[in-house]
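In what follows, every chain begins at residue 1, and chains take the letters A, B, ... in the order their sequences are listed.
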Amino acid sequence: MEAYIGEADQASHARFGPTARNAVMYGEPGRAYLYLVYGMHTCLNVVTEPVGRPAAVLVRAVHLDAGVDAARALRRRQESRLKRFRRDPALAGALEARLAATPRERLASGPGLVGAAFGLDPALTGLDLCDPRSRLRLEAGALGPGERIGTTARIGIDYAGHPWVDRPWRFVIAGDPAASGPRRLA
DNA sequence: GCAAGGATATCG
DNA sequence: GATATCCTTGCA
């Protein structure tokens, strides 16, 4: 995951102040903020700070312990909607083969892949991720034996410039094959 | 290395 | 309204 904190953070969607898109970042913590990136991928964020302080954590990858078949089915359904697959039936077959060959650690190993594997949509923005009745929710977890969390710089935010590009605000289970981006730490 | 892909923020 | 940009991915 990656943290984006405050309007001063030049990598955050809040850097331009409140807008229609990022409004939920200014609201209650524990809500979902989902947005479309590069015209095709839905990214999941969790609002993290009290009302009035825009901040969120981007979920860059999920290590699936269950629901592997469901994740494959959702990815197939979601990705086959992309224009290039609708245009070319042969590509759709290739997608099927690629998904079948994708190990569980790689089914949700990227922010866009998390969105696809969970069947997420920007319309879910505002969902209370702490409400046990929500279709999508956060639950307490624990690190496995021998697992440790390390930090790195955030990914894909070169436009932010210094010092933001260097902030160690990406958090990753060291060596986790389900992580996206660098898994080994300096 | 780069195209795909559409919403967004900013400028005119 | 036009345009540059984007918290990405998979294939050349």
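Among B/dA4, C/dC7, C/dG10, the nucleotide with an atom closest to any side-chain atom of A/Arg87 is B/dA4. In this structure, of C/dT9, B/dA4, C/dC7, it is B/dA4 that holds the atom nearest to the side chain of A/Met40. Of the candidates B/dA4, C/dG10, C/dC7, C/dC7 carries the atom nearest the A/Ile157 side chain, counting heavy atoms from C-beta on.
Taking atom CD on A/Glu79 and atom C1' on B/dA4, their separation rounds to 13 Å, with Å as the unit. In this structure, A/His41 atom NE2 and B/dG5 atom P are separated by 11 Å, rounded to whole Å. C/dC11 atom C1' lies 14 Å from atom CG of A/Leu82, rounded to whole Å. Between A/Leu34 atom CG and C/dC6 atom C1' the separation is 17 Å, expressed in whole Å. As rounded to whole Å, 14 Å separates atom C1' of C/dT8 from atom CZ of A/Arg170. Atoms CG (A/Asp158) and C1' (C/dT5) sit 14 Å apart, rounded to a whole Å. Atom CD of A/Gln78 and atom P of C/dT8 are 16 Å apart (whole Å). Put simply, CZ on A/Phe85 is 9 Å from P on C/dG10, counting in whole angstrom units.
Using the six-membered ring where Trp is involved, A/Trp164 and A/Trp169 have ring planes that are tilted, between 30° and 60° apart.
Interface remark: the A/Tyr35 side chain does form a donor-acceptor pair with the C/dC7 base, using a distance-only criterion of under 3.5 Å.
Atom OG1 in A/Thr151 sits 10.0 Å away from atom CZ in A/Arg170 (nearest 0.5 Å).
For A/His13 and A/Tyr35, the ring centers sit closer than 6.0 Å to each other.
A/Arg106 contributes a side-chain N or O that, together with a main-chain N or O of A/Ala179, makes up a donor-acceptor pair within less than 3.5 Å.
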Show me the protein contacts with nucleotides 7-12 of chain B, counting only N or O atoms at under 3.5 Å.
from: B/dA9; atom 1: OP1; to: A/Thr19; atom 2: OG1; distance (Å): 2.7

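Considering only side-chain N and O atoms, A/Arg98 lies under 4.0 angstrom from the phosphate OP1 or OP2 of C/dC11.
Classification of A/Glu139 and A/Arg137 as a salt-bridged pair holds, one side-chain N sitting under 4.0 Å from a carboxylate O. The existence of a salt bridge linking A/Arg154 and A/Glu2 is excluded, since no basic side-chain nitrogen approaches an acidic carboxylate oxygen closer than 4.0 Å. Salt bridge annotation for A/Arg15-A/Glu7: absent, with no cationic side-chain nitrogen under 4.0 angstrom from a carboxylate oxygen.
A/Ile155 is not connected to A/Leu44 by any chain of hydrophobic side-chain contacts under 4.5 Å among Ile, Leu, Val, Met, Phe, Trp and Tyr, and they are in different clusters.
Cation-pi contact between A/Arg21 and A/Phe16: absent, since separation from the ring centre below 6.0 Å together with deviation from the ring axis within 45° is not met.
Annotation: A/Arg81, atom CZ; neighbour count of heavy atoms from other residues, nucleotides and ligands within 6.0 Å is above 12.
A/Arg60 comes within 4.0 angstrom of the backbone, heavy atoms only, and of no base.
The aromatic ring of A/Tyr159 does not sit over the base of C/dT5, since the test of centres under 5.5 Å and planes under 30° is not met.
Looking at DNA chain C, the stems built from 3 or more consecutive Watson-Crick or G-U wobble pairs, each pair with its key distances under 3.5 Å, are B:1-4 with C:8-11, B:6-11 with C:1-6.
Residue whose closest nucleotide on DNA chain C sits further toward the 5' end, between A/Asn45 and A/Arg75: A/Asn45.
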